[in-house]
Structures are given as C-alpha cells and as structure tokens.
Amino acid sequence: MEKRVVFDGKILPYALLMPQLLITIIFFYWPAAQAVWQSFLIQDAFGLSTEFVWFENYAVLFANPDYYRSMLTTLVFSTLVTVFSLSLSLLLAVQADKQIKGIGAYKTFLMWPYAVAPAIAGVLWLFMFQPSLGLVAQSIRALGFDWNPQLNANHAMALVVMAATWKQISYNFLFFLAGLQSIPKSVIEAAAIDGARPVRRFWTVIFPLLSPTTFFLLVVNIVYVFFDTFGIIDSVTGGGPAQGTTTLVYKVFSDGRLGGDLGGSAAQSVVLMVLVIGLTAIQFRYIERKVQY
Amino acid sequence: MFNRRFMLAATAAAMMAATPAAAQVEIQWWHAMTGVNNDVVNKLAQDFNATQTEFRVVPVYKGSYPDTMNAGIAAFRAGNAPHILQVFEVGTATMMAARGAIKPVFQLMAEANEPFDPKAYLPAVAGYYSTSRGEMLSFPFNSSSSVMWYNKDAFRRAGLNPDAPPKTWPEVFEAAKKLRAAGFDKCGFSSAWITWLNVEQFSLWHNVPLATRANGIDGFDTELRFNSPLHVRHLQNLIDLQRDNTFSYSGRTNTGEGRFTSGECPIFLTSSGFYGNVKANAKFDWANAPMPYYPDVAGAPQNATLGGASLWVMGGKPAAEYRGVAKFLAFLSQTDRQARLHTDSGYLPITQAAYEQVKASGFYRENPYLETPILQLNNKPPTENSRGLRLGNMVQMRDVWAEEIEAALAGQKSAQAALDAAVSRGNTMLRQFERTVSR
C-alpha cells in the first residue's frame, strides 16, 4: 500500500518555493542576464549613447594578447593561493586539534584575519613590504636582496599571493578544524593500536575522512581567488607592474569601473562566469569521485 | 561602507537643518576633498549659506577622485545626479563628451545673469576647461601643477648649492649622481605620477605634441605622438639611471611621495599640492623648483599644465536650482575668496585678480614654493602643444602607459618598443572613446 504523502494543491508548493526562487532570480539570474546584455553593447560611461554590436566586445577581447596574459596570471595566482591557503590551514588545524594548553586563544587568533576586509589586508601587507618604508622590506633589503615589487612582477606576485593566502587561511582553518573534530577518535586510536605512526595515520585515515571538507574548500577557495581578490590586488599592486598581477577579475574591475568600458568589462565577466561554471563542473565531475562521504 | 554611512549622516543632517526653512532650495555638491581641504569645502558651503536664505549648498564627500566621478556617473544613470560634481582633470574629456549629462558653466551663468568672464581666469586654467571656441564648460576649483621638490640639507651634504637647484635634466642627473655618492644610494631622484610628469607634462613643457589635434582639445579624432625621439631619449635615460638607483621608480600614483619627506629621495617630482605634506612632515630644509627640461630642445621650457579638479554642473535640473548653482559659482570666484583658498589649501589661485592680490600682499616672499607652479603655468603663452590635453579614456590610458613604462624600467622592453606599444594601445582606446561619443 502506498504510504507516500501526496499534496494535491498546485499553488502551495509554488508558493513555498517562491521566496527562494525570487531571491535566486533577482540576485543571480537578473544581474547575470544584465551582464550578458551589456556585453553586446558599446556604451559611453553616462549611458547616453548605446550601440548594439553583437559579439564585437568578445572579438576585441579575444584578439587582445593582454587578455591571455591575464589568464595565465590568474592561473598562476589561483594555483598558488589555493595550494598555500589549503595546505597551511590544514597544517594549522592539525596542530590546533592536538591537546594543548590555551587552545581557545590559539583558535581565536587564527580566526581573526577573516574579519579583516580584503582591502585592509592588502594595505597591511603593503605597509610591511613597501620597498622603502616597509619594515619587512627593509630587512629583506638589508640582507642584500633587491626587493622591488614596484618593478619586479615576481615580487609583486609574491606579495599579492601572500596577502590573499593570509586572508583565506582563517576560513579554511575553521572548516578543517571542524572536520578534524568530527572524525571519531576510536578510528584513530584503532590505527594507533595497529602500530600506524602519526604521519601514516594522517594520510591513510584522517585525510581521506577529511576529503569532503577538502573538496568543499577547494571549490570555495577557487571561487574566492577568482572573484574576491581584486580588493587586495587593487590596494597592493594596482594590477602592476606592467600587468604582472592583473588577474581576470581585476581586469574586469579596472576596465569597467576605472576605465568606464562597460561593454568590454561585461564581456570579460561573462567569460569569467563561463570559466568558473566550467571549472566547478569539472571539479564535481572528476574530483568529487575521489571524495568519500 | 564608511562612505555610505557618512553620506547618510550628512544627508540626514542636511535634511534636519533644512526643515525650518522649507523654502530653501538644496544644492548637492559631491566632492573628493579630504583632511584640511575637506574643511575648506565645508567652510565655503557654510559661508555661502550664510550669505542668503534662498539656497543651501550641501557638500558630500564621495571618496577618491575616481570614486567621486563614478558615483556621479552612476547617480546620473539612476536619474538623480548631484547639482555639482567635482571631477579630476583626467576626467575632463569624458565629461565634455557627455553633452546631455552636463550643463556648460558659461551657459549656466549667462542664463542666470551672473557675472562671468572667462578672461578673469589664468589662461592656462581657463584653456584647460574650455572648448576650442573658448566656452568654459566647467568651473575651475582646485588646480595644481607639477614641480620639483628638493632636499636642501642633502644638497649641502653632497656639495651642491642648495639655492641653485638643477634647471635641466642633465643637471638633475648630475646632481642625483652626486647625491647618490653622498649616501643617498637608494634613490637619487624620483617621480610620482610617472605618466603625468614624464609623458604628459614632459611633452607640454618641451612644446612637443603628446597627441595630434592640440593634444585632443580640437577634437576626439586625435592620435598619440609620445613615441618621438625626445620621449624615447628621456625614458632611456631613466632606464639607464635606474640601474644604480640614481633614478628610482616610485609607482604610478603619489603613494611614493613619502620617500621625499622621509629623506630617502632628495629630489622628487610631483604635484605642487604636495606642499601641505612637506610642510607638515619633512624634518629638513626643503624647497621646490620648476620642472627640469632638455636644454637642446628648441623653445623649452614652454609652459606646464594643470592637475587638480574642476566643478561640473550636471544637466536636467530645474531652472530655480540652476540659479542657486550659478550664485554659488559666482560666490566662489570672488577675488578675496580665491586668494584665501589659495593660501589656505596650497592650490593655485584660479583668477588673475586673486593671484595679483596675493602677490601684492607679499605672501610669496615668505612662501615662494606656492608661486613656482603659477610661474610655470604662465611661463609662455600656450601653444598648440601646450594648451592642455583632453583625451578620452584617460584614467584607463594612464594605466596602460604606466604598464609599458614599467616594462621598460624592468628591462623587459626597450624604451622605443615600450613607448610604441603605449601609443598603439592608447590609440585603440581613443578610437573606442571616439566611437562612443560621436553619436
């Protein structure tokens, strides 16, 4: 006999779905559609003259060698930030998961940086590493190393990677710590009794059990690097030197907001949107298979 | 976040204050002035409000220059632009091209029957904000120019005469090398705003074209010209001197200015508006001098051009409100007020009369560094190449030029290749701008 509950109403389920759908439509589909529409237009900053140009903005974009350079920059930047922020925060979380004194304070301090706005984080790092005034920069220079992020693209990249990583570590730390604490102690103890050393215990027992968390963080971090880092880049390097730190999202920001090229900027953000959708799809299709829930 | 809250508070305060005299017409004034200059702006509005009961000027701080301009543009698109918008000099072409969005100042003043004589303004100032027919489109407010600041104590230490600063580029290079040898080994000389000083001002000061069509003033169909042998030579000199820190790059904006006040760079080229900072923070004997030039260039030095900002009146407001705006602009151009503005803020006096008044008062004998930029602007009657510059997409273009110069300074490109690339990338942007405004 069928035990399933069946709702006859046609309106109620839609009514219940409505708030969620509305929010999604207003805050995601509407702006996304706007971006797509804008990307087909050439418009002056004031919106006084508008011309519909089909795919011209895209054609211009893909004919521009700088755009491919900024793709490469994004690839380097996002790989570095993701790898560093995930591995460092995992290390910190594993350490914080141990039985030590004053763990509460330790955790609190690790979570603090997350409350700092990206632009502020950028400025903090800038102050430390500004070639002539920064404290850290001065000691690096005193050691005979010609630290010059204003002209050396690698130095500038190192600086934004550090700032972006530092900013994200707290968030990752929080999730890793929660993940670690939800692993049953009995499993780890059993492994210990079997004679597995800490490193082996970590890689064969703990890490696989953390894989859902790691996967989640991987997706979140990549989205973070792609979309949330322009504040840091803007305040630390302004995309320079010579475009050395101009990532895709920073280019969208600087072309659209500073340059007033709304059509080109919209085309870039559509490309970026497609890229991230693709990237996320790949992650769920291929990497998620390795995740054990 | 802060800005928004500030704005809300300011608006709320303005609304509360405006309630008793409900008949008052409110004039919104969005600006980008911080610190001492923010106080000056508020004081001006207050003084104006006290002179009459009909209108009420409400100044609102909107962030940096680009922020303020973007806020104004966004507000215009949303249908509620402020009456007066302060726009920095590089936004001039964008504003001028937006014919439907602005109310030309000369027209506003004529319609409101307020006294207004473009000839009363310093020619360099009036020219910058006027069409080629001499119609002034925006109201000059805070103007500055670029000068060479130098550390007199450092000059003494290096055996240079502190009262005879270098006049030409070769002399600057020589002095910088001596300063380097005397212990300033991280930076002999430097420059803020790398493109403003070393491309834009550099072109005007040497009477060579930055771009065709009088640097864009005569039309938007302009092409860049700053990859000439003279420009290449200057950049090559900077590249060569960069190797041993005789020249040291200080970034695209003015964030490196602290290198002068901290004593690290004894010669520093930047805006005359740096005055307040130098006065407050430099713990050494300092002075400024006109920008250097190459003596073998015929006619150099020519005349410098402006930095700073002007006030744009936004379009589409009722006539009654425009009457108030016109009254306020007339109030701002009074000689006493301009003279005070100049001596308080360090910005240039924008009218001839105000300048004469300050000069007659003997103020420059005590503060000669406030006169240097004016002397530079008035050095010679402006030519086709030195009236000013008016290029669309200027904010974005400056970044592109700076990128190429950075690549050259970092040794990735030759001076010629970098300037060629800067010119060709800039031209693409100019064509795009031309296309968006020509319809």
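Chain identifiers are assigned alphabetically (A, B, ...) following the order of the sequence lines, protein sequences preceding nucleic acid strands; residue numbering begins at 1 within each chain.
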Which residue pairs pass the ring pair (Phe, Tyr, Trp, His ring centres under 6.0 Å) test when at least one of the two sits in residues 396-422 of chain B, sequence neighbours left out? B:Phe226-B:Trp401
Side-chain donor-acceptor pairs of residues 91-102 of chain B under 3.5 Å, sequence neighbours excluded:
from, atom 1, to, atom 2, distance (Å)
B:Thr92, OG1, B:Glu89, O, 2.6

Checking B:Arg77 side chain against A:Ala45 main chain: does a donor-acceptor pair fall under 3.5 Å? yes
Where on B:Ser250 is there a heavy atom nearer than 4.5 Å to chain A: the side chain, the backbone, both, or neither? backbone
Heavy atoms of other groups near A:Tyr58 OH, more than 12 under 6.0 Å: yes
Output for pair (A:Gln138 CD, B:Lys186 NZ), nearest 0.5 Å, gives 5.5 Å
About how many Å separate CG of A:Asp255 and CG of B:Asn393, when rounded to the nearest 0.5 Å? 9.5 Å
A quick test of your reading: do over 12 heavy atoms of other residues, nucleotides or ligands sit less than 6.0 Å from CZ of A:Phe52? yes
A:Phe127, CZ atom: more than 12 neighbouring heavy atoms under 6.0 Å: no
If you count the non-hydrogen atoms of other residues, nucleotides and ligands that lie under 6.0 Å from OH in A:Tyr29, is the total more than 12? no
Which residue out of B:Arg425, B:Glu404, B:Arg259 racks up the most heavy-atom pairs below 4.5 Å with chain A? B:Arg425
Is chain B contacted by the side chain of A:Leu262, its backbone, both, or neither, given a heavy-atom distance below 4.5 Å? side chain
Heavy-atom side-chain proximity of A:Leu151 to B:Glu406 below 4.5 angstrom: yes
Between the CZ atom in B:Arg435 and the CG atom in A:Asp44, the distance rounded to the nearest 0.5 Å is 13.0 Å
Under 4.5 Å heavy-atom distance to chain A, tell me which part of B:Tyr249 shows up: side chain, backbone, both or neither. both
Taking atom CG of A:Leu275 as the centre, report whether more than 12 heavy atoms of other residues, nucleotides or ligands fall under 6.0 Å from it. yes
